[in-house]
Amino acid sequence: MPKSKIKGVGFYVPDNVIKNSDLEEIMDTSDEWIQERTGIKERRWVEGDLTTSLMGTYASKIAIKNAKISKNDIDFIIFATLSPDYFFPGSGVLLQKNLQIKEVGALDIRNQCSGFIYGLSVADQYIKSGMYENILVVGSEIHSGGLDKSSRGRSVSVIFGDGAGAAIVSKSNDESEILSTHLHSEGKFADELAVIKPATTFWIDKIIDDDEEDGKGFFPKMNGNFVFKNAIKRFEEVIFESLNHNNYTSKDIDMLITHQANLRISQYIQKKLNIDDNNIFNNIMSYGNTTAASIPIALYEALEKNKIKRGDLVCLAAFGSGFTWASALIRW
Ligand code: COA
C-alpha cells in the first residue's frame, strides 16, 4: 500500500501586528490579563483587501517550493477554514483560481481548529488508496473581520489572530510517513463555541428583522471555561490514541505540536505527558489562535528553527469548535 508524507510546508501571516497594548485602547482589557490567561503577546490582523483564500495562496506557493514540485503536479486541493471568503463557493476553488492550477478537485473542510488535521487525514487516505500523489492541504483564517472588538466581546476577541499555513502531502518513497490519523467529534457541544449566523436556520431575511441591533449570533460565542476543560481532556486522549495505535509512549515523541489555542492548555498537556521543553513547540505568543492555520504555521516555524529533523517522531493534535478533535503521528 502506498504511504504518504508531508513533503513541504509554507505559511503566511499579515504584516499588521496587533499588540495587547493596542487592544487596551479599544476594549476594557490588559496586557497582563491576556498574557496570564492565554500566553498571547501579539497577533496579526489583516488590513486592506487580503482574503482568506489569498493568504492560503501565499502559504501554498511557499509549500510548493519547499516540496520541490510544480503546481502542475498537484492532484487535489483541500482547504480548511471557518472564515471562508464567501458563504459559497468554498475557498478551495478560489485558491485554485489564484494559483491557476489545472481542473483538479477542490474540497473545503469546516472543522475549525481541527480542520488542518482532518485535511491531512483525508489527504493521507487518498494517497494510501493510490488515487492521488500530491495533495495541497491548506488552513487559512481571517478572524479579525468577525470579532466583537468592544469590551462585550473581550473574552473571545483577544484570543484570535489571522494567518495561513499549507502543506504538500505526497506519496512517500522513503522512510518518512504519516503513521496514522485519529478524528473525533461531539456535536452535542456544537453551541459551546460557535458563530451561528448567517445560516439557513437564521436566513438573511429573518436576521434583518430579528436582532440586528446587537449583532447577536454573528460574533463568536464561546463558553471559555467549558471549552478549556474539554480541550485538556480530549488533547490528552487523542495524543495517547495515536501513540497506543503505533505502540509508542509519550517518551518517544521528538516534537509535539498542539493546535495553538491557549498557552496554558499546551503547558498542561506538556506536563501531563511529561514532555521536555525541547520536544514541544509553541508560537501562540506571536500569532494568537489562528484555528485551522495554527498547526501548519507552527510546523513551518519548528522546521525553520531546526527543531524537527529527518526520522523524528512528530505528533500533531487539535481540539476546537464542534467539538472536534484529532491527532496525527508522523515519522518525519
Ligand atoms: N480582559 C480582561 N478581563 C477579561 C477578559 C479580557 N480580555 N476576558 C474576560 N475577562 C474577565 C471576565 O469578565 C471575568 O471577570 P469576573 O471574574 O469579574 O467575572 C474574568 O476575566 C475571568 O473570566 P473567565 O472567562 O473565567 O477566564 P478564564 O480563566 O476562563 O480565561 C479564556 C478565559 C477564554 C482565556 C479561557 O477560558 C480559555 O482559554 N478557554 C479555552 C479557549 C479556547 O481554547 N478556545 C479555542 C478552542 S480551540
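For ligands, and for the atoms within them, numbers begin at 1 and follow the listed sequence. A quick note: this is a predicted structure, and the numbers were derived from the prediction, not measured.
Considering CZ of F219 and NZ of K149, their distance stands at 8.0 Å, rounded to 0.5 Å. Distance check, rounded to the nearest 0.5 Å: CD1 of I239 to CZ of R234 gives 13.5 Å. Atoms CD1 and CG, on I253 and L313 in that order, are 6.5 Å from each other to the nearest 0.5 Å.
With respect to R154 and D28, a salt bridge is recorded, a charged nitrogen being found less than 4.0 Å from a carboxylate O. The pair E36-R264 fails the salt-bridge criterion, with no side-chain N (NZ, NE, NH1 or NH2) lying under 4.0 Å from an Asp/Glu carboxylate O.
Taking 4.0 Å as the cut-off, I159 counts as a neighbour of ligand 1 on heavy-atom distance. Note on ligand 1: Q112 sits outside its first shell, no heavy atom being nearer than 4.0 Å.
Counting heavy atoms closer than 4.0 Å to ligand 1, residue V156 contributes nothing at all. At a heavy-atom cutoff of 4.0 Å, ligand 1 is contacted by the side chain of C113 but not by its backbone.
Among S157, P220, G224, the residue whose heavy atom lies nearest to atom 41 (C) of ligand 1 is G224. Around atom 26 (O) of ligand 1, the closest heavy atom drawn from I40, N223, L193, N225 belongs to N225. Counting heavy atoms only, M222 comes closest to atom 42 (C) of ligand 1 of the residues E36, M27, M222. When the heavy-atom distances from atom 15 (O) of ligand 1 to E32, R37, R154 are ranked, the shortest goes to R154. Considering W33, W325, F226 only, the shortest heavy-atom separation from atom 31 (O) of ligand 1 involves W33.
Taking every non-hydrogen atom of H259 and a distance limit under 4.0 Å, the qualifying atoms of ligand 1 come out as 48 (S). Atom numbering of ligand 1 starts at 1 in the shown order; those under 4.0 Å from a heavy atom of I265 are 44 (O). Near A261, the atoms of ligand 1 lying under 4.0 angstrom from a non-hydrogen atom of the residue are 44 (O), 48 (S). For ligand 1 and T38, the ligand atoms under 4.0 Å from any heavy atom of the residue are 35 (C). Atoms of ligand 1 found under 4.0 Å from any heavy atom of S155, numbered from 1 in the order shown, are 8 (N), 9 (C), 34 (C). Within ligand 1, counting atoms from 1 as listed, the ones closer than 4.0 Å to a heavy atom of F319 are 48 (S). Near G320, with a cut-off below 4.0 Å to any heavy atom, the atoms of ligand 1 are 48 (S). Below 4.0 Å from some heavy atom of F228 lie the following atoms of ligand 1, by number and element: 38 (C), 39 (O), 40 (N), 41 (C).
Side-chain atoms of S172 never come within 3.5 Å of backbone atoms of E177 as a donor-acceptor pair (strictly under, hydrogens ignored). Between the S83 side chain and the I142 main chain, a donor and an acceptor come within less than 3.5 Å of each other. Side chain of R43 to backbone of F160: no donor-acceptor contact under 3.5 angstrom is found.
At least one N or O atom of N262 sits closer than 3.5 Å to an N or O atom of ligand 1. In terms of polar-atom proximity, defined here as any N/O pair under 3.5 Å, T29 does make such a contact with ligand 1.
Evaluated for a side chain to side chain contact (heavy atoms under 4.5 Å, CB included) with S176, the options R310, R331, K7 yield exactly one hit, R310. Put simply, the residue from E42, E25, E24 that forms a salt bridge (Lys or Arg N to Asp or Glu O under 4.0 Å) with K19 is E42. Exactly one residue among L299, I297, I330 makes a side chain to side chain contact (heavy atoms under 4.5 Å, CB included) with I257. That residue is L299.
The protein reaches atom 45 (N) of ligand 1 closely, with a heavy atom under 4.0 angstrom from it. Proximity of atom 19 (O) of ligand 1 to the protein is not indicated, since no non-hydrogen protein atom lies closer than 4.0 angstrom. Distance check on atom 9 (C) of ligand 1: some protein heavy atom falls below the 4.0 Å cut-off.
Looking from atom 43 (C) of ligand 1 to the surrounding protein, the closest heavy atom is V227 CG1, 3.8 Å.
Judged by the 6.0 Å distance and 45° axis criteria, K233 is not positioned over the aromatic ring of W325.
Taking the ring centroids of F189 and F226, they lie under the 6.0 Å cut-off.
Contact annotation: the side chain of N289 approaches that of H259 to within less than 4.5 Å [non-hydrogen atoms, C-beta and beyond].
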